[in-house]
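Heads up, the thing below is written out as structure tokens.
Computed from heavy atoms alone, side chains included, the values below leave out hydrogens, waters and symmetry copies.
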Amino acid sequence: GQMGVYPQHVPLIAMLIPGEIIVNRNGVETFLAVGEGLVEVTAKKVAIVTDMAIPADKIDEAKVEAARARAAARLAEKISDEEVASVNASLARSLAQLHVRRRRRM
């Protein structure tokens, strides 16, 4: 889903799933591909803890597409449940990066 945060926001702690974060600071927008994590919102600040945060203009689409293809191929193999979870997490991070990069072509 999508959520906007403004000054004096009600306190909130939420899970973060792989996707896009748009940071608007002093009228300048920064677009980031993010992985899993946590978001803490208070009336005066937003704190994000995540395993990945990459600005859209720093995403190498070819490398990410190759990683996505490797993860998809790995899922076709007979692997343990733990490996499936790890590969799915990697795939989600790759898809988030591709989504952000393709939406924010620079």
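The environment of I17 atom CD1 is sparse: at most 12 non-hydrogen atoms of other residues, nucleotides or ligands sit within 6.0 angstrom. The neighbour count for M15 CE, taken as heavy atoms of other residues, nucleotides or ligands under 6.0 Å away, does not exceed 12.
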Begin with the C-alpha distance, continue with both residues' side-chain angles, and end with the deciding distance and a verdict on side-chain contact (heavy atoms from CB on, under 4.5 Å) for E83 and E77. CA-CA 10 Å; E83 289 173 303; E77 299 173 9; over 6 Å; no

Derivation of the side-chain contact (heavy atoms from CB on, under 4.5 Å) call for I59 and R104: CA-CA 10 Å; I59 297 171; R104 310 294 173 193; over 6 Å; no

Can you check side-chain contact (heavy atoms from CB on, under 4.5 Å) on R25 and T30, steps first, answer last? CA-CA 8 Å; R25 186 176 231 172; T30 303; over 6 Å; no

What's the verdict on side-chain contact (heavy atoms from CB on, under 4.5 Å) for V39 and V46, showing C-alpha distance, side-chain angles and the deciding distance? CA-CA 7 Å; V39 177; V46 175; 4.1 Å; yes

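One distance of note links NZ of K63 with CD of E61; it measures 14.0 Å at 0.5 Å rounding. Remark: E29 CD to N24 CG distance equals 5.0 Å, nearest 0.5 Å. In this structure, CG on L95 lies 9.5 Å from OG on S90, to the nearest 0.5 angstrom.
Cluster membership check: V41 shares its hydrophobic cluster with L32, using side-chain heavy-atom separations under 4.5 Å among Ile, Leu, Val, Met, Phe, Trp and Tyr. Connection of I48 to M52 is not established within any shared hydrophobic cluster, with ILVMFWY side chains joined at heavy-atom distances below 4.5 Å, either directly or through further cluster members. In the hydrophobic clustering of this structure, V34 does not group with I54; members are Ile, Leu, Val, Met, Phe, Trp, Tyr whose side-chain heavy atoms approach within less than 4.5 Å, directly or through other members. Both I79 and L91 belong to a common hydrophobic cluster when Ile, Leu, Val, Met, Phe, Trp and Tyr are linked at side-chain heavy-atom distances under 4.5 angstrom. When hydrophobic clusters are built by joining Ile, Leu, Val, Met, Phe, Trp and Tyr residues whose side-chain heavy atoms come closer than 4.5 Å, directly or via intermediates, I21 is grouped together with M3.
A salt bridge is defined here as a Lys NZ or Arg NE, NH1 or NH2 lying under 4.0 Å from an Asp or Glu carboxylate O, and E65 with R101 fails to meet this definition.
When every heavy atom of S94 is checked against every heavy atom of V64, the shortest pair comes out as O-CG1, 3.3 Å.
E36 places none of its side-chain heavy atoms less than 4.5 Å from the side chain of T50.
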